[in-house]
Amino acid sequence: MNIGELARRTGCSARSIRHYEKTGLLTSNRRANGYREFDAQSVPRVMQVAHLIQLGFSLVDITTFPPCMLREVTDVVCPQALALHRKRLAEFDRQLLELTGRRDRLARALGTSAPSTK
């Protein structure tokens, strides 16, 4: 399938798909006319990469994932990737604490307890 068809099937932009290919997360063959040709396995791979990005992982992170994490769209974490997911969750928790502290300091500096957005 060409990149336009892959984009339609996955809901991802052709630009994103080209970027996934550039980072090595996706491969294609070139037709005689130079157009990319993707196989059927590209559909679940692109969808899983997009899913992992939505979970907060970067493309650099995703390139380090074991193959079990790139086969299909799933919320189930394969055992080989569990530590990576826990590490990312801990990073989010740290960032939330840091942002909450900054917000509280700013509210005190303003002399008010600005309403929380929670």
Side-chain angles (χ1 to χ4, degrees):
M1 82 190 79
N2 66 27
I3 197 166
E5 178 64 19
L6 183 57
R8 279 188 291 283
R9 287 187 185 189
T10 61
C12 290
S13 69
R15 183 177 180 195
S16 292
I17 292 168
R18 283 191 287 278
H19 193 60
Y20 300 165
E21 184 180 21
K22 186 178 179 181
T23 60
L25 289 168
L26 189 63
T27 58
S28 68
N29 295 310
R30 293 290 181 155
R31 295 179 182 168
N33 61 6
Y35 288 9
R36 290 172 173 86
E37 177 75 22
F38 294 94
D39 63 21
Q41 293 303 314
S42 298
V43 173
R45 180 174 281 262
V46 167
M47 291 176 74
Q48 180 65 345
V49 169
H51 175 73
L52 291 167
I53 289 169
Q54 289 176 344
L55 290 178
F57 293 101
S58 70
L59 287 179
V60 172
D61 294 330
I62 296 168
T63 61
T64 67
F65 282 179
C68 65
M69 287 304 299
L70 298 174
R71 287 192 193 115
E72 60 184 317
V73 178
T74 179
D75 285 324
V76 176
V77 180
C78 68
Q80 300 94 317
L82 196 54
L84 296 168
H85 281 68
R86 287 184 175 142
K87 180 181 175 186
R88 179 49 50 111
L89 184 59
E91 288 173 14
F92 286 156
D93 289 341
R94 181 193 54 76
Q95 290 172 345
L96 282 169
L97 283 172
E98 183 179 323
L99 286 172
T100 300
R102 286 181 183 180
R103 182 215 170 273
D104 292 347
R105 286 189 297 277
L106 180 57
R108 281 193 304 274
L110 293 171
T112 182
S113 56
S116 174
T117 58
K118 292 183 185 177

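The first residue of the sequence shown is numbered 1, and numbering continues consecutively from there.
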Quiz item: Between D104 and T100, is a side chain to side chain contact (heavy atoms under 4.5 Å, CB included) present by the stated rule, with each step listed?
Solution: CA-CA 6 Å; D104 292 347; T100 300; 3.8 Å; yes
Exercise. Answer yes or no: does atom CD of Q41 have more than 12 heavy-atom neighbours from other residues, nucleotides or ligands under 6.0 Å?
Key: no
Exercise. For A50, check side-chain contact (heavy atoms from CB on, under 4.5 Å) against everything at least two apart and list the hits.
Key: C12, Y20
Quiz item: Which residues pass the side chain to side chain donor-acceptor pair (under 3.5 Å) test with E21, sequence neighbours left out?
Solution: S28, R36
Quiz prompt | Under the side-chain contact (heavy atoms from CB on, under 4.5 Å) test, residues paired with R105 that sit two or more places apart | solution = R102, R108
Quiz item: Quick one: OH on Y35 to CG on N2, what's the gap to the nearest 0.5 Å?
Solution: 9.0 Å
Quiz item: Do you know which two heavy atoms are closest between A7 and A14, and how far apart they sit?
Solution: CB-N, 4.0 Å
Quiz prompt | side chain to side chain donor-acceptor pair (under 3.5 Å) involving R94 - partner list, sequence neighbours excluded | solution = E98
Exercise. Would you mind listing every disulfide bond (SG atoms under 2.5 Å apart) that reaches into residues 42-74, with sequence neighbours excluded?
Key: C68-C78
Practice problem: Only counting residues at least two apart or in another chain, list the ones meeting salt bridge (Lys or Arg N to Asp or Glu O under 4.0 Å) with R18. | Solution: none
Exercise. Taking side-chain contact (heavy atoms from CB on, under 4.5 Å) as the test, write out the residues that go with M47, two or more places apart.
Key: T10, V43, V73
Quiz item: Can you hop from V49 to L55 via hydrophobic side chains spaced under 4.5 Å?
Solution: yes
Quiz item: From I17 CD1 over to L25 CG, what is the distance, rounded to the nearest 0.5 angstrom?
Solution: 12.5 Å
Quiz prompt | Where at least one partner belongs to residues 37-53, residue pairs that pass salt bridge (charged side-chain N to carboxylate O under 4.0 Å, His left out), sequence neighbours excluded | solution = R31-E37
Practice problem: State which residues pass side-chain contact (heavy atoms from CB on, under 4.5 Å) with S13; sequence neighbours excluded, sorted by chain then number. | Solution: R15, S16
Quiz prompt | Contacts of R88 that satisfy salt bridge (Lys or Arg N to Asp or Glu O under 4.0 Å) - sequence neighbours left out | solution = D61, E91
Self-check item: Approximate separation, where rounding is to 0.5 Å, of M69 CE and L82 CG
Solution: 9.5 Å
Exercise. May I have all residue pairs that pass ring-ring contact (aromatic ring centres under 6.0 Å, His included) and include part of residues 58-99, sequence neighbours excluded?
Key: F57-F65, F57-H85, F65-H85
Exercise. Take I62 and T23, measure what side chain to side chain contact (heavy atoms under 4.5 Å, CB included) needs, and give me the verdict at the end.
Key: CA-CA 10 Å; I62 296 168; T23 60; over 6 Å; no
Quiz item: Restricting to pairs with a member in residues 16-45, which pass disulfide bond (SG atoms under 2.5 Å apart), not counting sequence neighbours?
Solution: none
